[in-house]
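Working notes, beginning with the structure itself.
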Protein chains: 2
Amino acid sequence: MFKRGGEQSTYGDVMREEFRSELSMISRTLVTMSQVTRDQMRRATSALLEADQTDAEQVLAADAEVDAYYRIIEDRVYDTMARQAPVASDLRLVITTLHMAADLERMGKLAAHIARSALRRHPGSAVAEPLHGIFKEMGVVADTLATKITKAMSERDIVAAGQLDRDDDAMDDLHSRLFGVMFQKEWPAGVEAAVDAALLGRYFERYADHAVNVGKHVVFLVTGENLDRE
Amino acid sequence: MFKRGGEQSTYGDVMREEFRSELSMISRTLVTMSQVTRDQMRRATSALLEADQTDAEQVLAADAEVDAYYRIIEDRVYDTMARQAPVASDLRLVITTLHMAADLERMGKLAAHIARSALRRHPGSAVAEPLHGIFKEMGVVADTLATKITKAMSERDIVAAGQLDRDDDAMDDLHSRLFGVMFQKEWPAGVEAAVDAALLGRYFERYADHAVNVGKHVVFLVTGENLDRE
């Protein structure tokens, strides 16, 4: 999974090989965590758009799973650092995986917030009719982002990771349109629906921000090039 | 600043002493960062409540300073890890400081969001009249939290850190009251003001969550006892 230099087998080489292998194992767990997070958001969006109580409850129940993945990765990171004592760029690599796990955990929490909003208005809908199309598109963009970061991580594909900013822009546009609709004089759905929409919009937007962060971390893992986080 | 065991001067002891000294230096930078973050929120709250353009602009200008502190701490953490190669609990200590810096950076961003909201409605107010008292109280609670974490960090005071949950509960109560006022039938201020308030309430609430996280990290730094994060 990772490239390495010369083939002379010294003690340092063996350590390095072990380090790379442990890092790959952490990366594979990150991929799984990313898939779980994507599924959580998919189901939360469906719960929101269809006012589906079962979906919403499943998202809330599975949030503990996302947390568990974070703990697993954290423990592995500490183990790896304790046993391999990586320095310089290796150290940054392994800590980067910790940042990625934190971003993914937060994405899971945002999906849970969306599910909770859906549940709060059940059997009604937390999404006012004039905003249904926008939230549907936000769900599609969120899923695209999550799919791309999963692919970027599993295939070490920095092209996919590099496209995330465009999807994030699409999310920002949808977010602006949301306010445009709500702030029209003829907004029919009342204050409560507007407040729900403002918070839901924020959750989708933050989900996208964290996905972009994950993408930047993937680029760093693959190339060693550090990009600014959102 | 940190206690240590026996006094036999071995090579390991010297390393450990150096490590403790570097950790103390990182902690001092965290205290300064925490003061900057507190001042940012103070000024952002004032900008919000008084619709003060100058205050709002100062907050936005100083956000780069908060980011700079994060980078300084990150660099020092990597330096320390590279030179001291700490293991086990020492490793967790030094990574904890990185988490604290990330929480403080996020608190700074939330203060900037509040300043931006104030600026967007200037010369009007982003706070509808019926909510002025609640946001004033939220500002007080936010400042109390920031003051306590600064004190907890600078004096390694786990009593102060332990009181943060109560302040966080106070913030949650204020947050609930906010929705109570907005969802009354006679809400007079319209949809736009309600949307502003929903997002502002969220920013204050998240600020409090991050402050509580910082407090839990302080407890871990001082006692080695790990508490769950929010």
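It should be emphasised that the depicted structure is a prediction, and the values quoted were computed from it without experimental measurement. Chain A is the first sequence line, chain B the second, and so forth, proteins listed ahead of strands; every chain is numbered from 1.
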Subject >> Where B:Ala194 and A:Val191 come nearest, the two heavy atoms and their spacing >> reply: CB-CG1, 3.6 Å
Original post:
side chain to side chain contact (heavy atoms under 4.5 Å, CB included) between A:Val195 and B:Val195: does it pass, once the steps are laid out?
Top reply: CA-CA 5 Å; A:Val195 164; B:Val195 165; 5.6 Å; no
Original post:
Can B:Arg92 and A:Asp75 be said to form a salt bridge (charged side-chain N to carboxylate O under 4.0 Å, His left out), step by step?
Top reply: CA-CA 10 Å; B:Arg92 287 190 181 251; A:Asp75 285 346; 3.5 Å; yes
Original post:
At a heavy-atom separation under 4.5 Å, does B:Ala85 approach chain A through its side chain, its backbone, both, or neither?
Top reply: side chain
Original post:
So how far is it from A:Phe179 CZ to B:Asp196 CG, rounded to the nearest 0.5 Å?
Top reply: 8.5 Å
Original post:
Is there a side-chain contact between B:Trp187 and A:Glu192, using heavy atoms and a 4.5 Å cut-off?
Top reply: no
Original post:
Quick one: are B:Arg202 and A:His113 in side-chain contact, heavy atoms under 4.5 Å?
Top reply: yes
**OP:** Supply the atom-to-atom distance A:Glu74 CD to B:Ile95 CD1, rounded to the nearest 0.5 angstrom.
**Re:** 8.5 Å
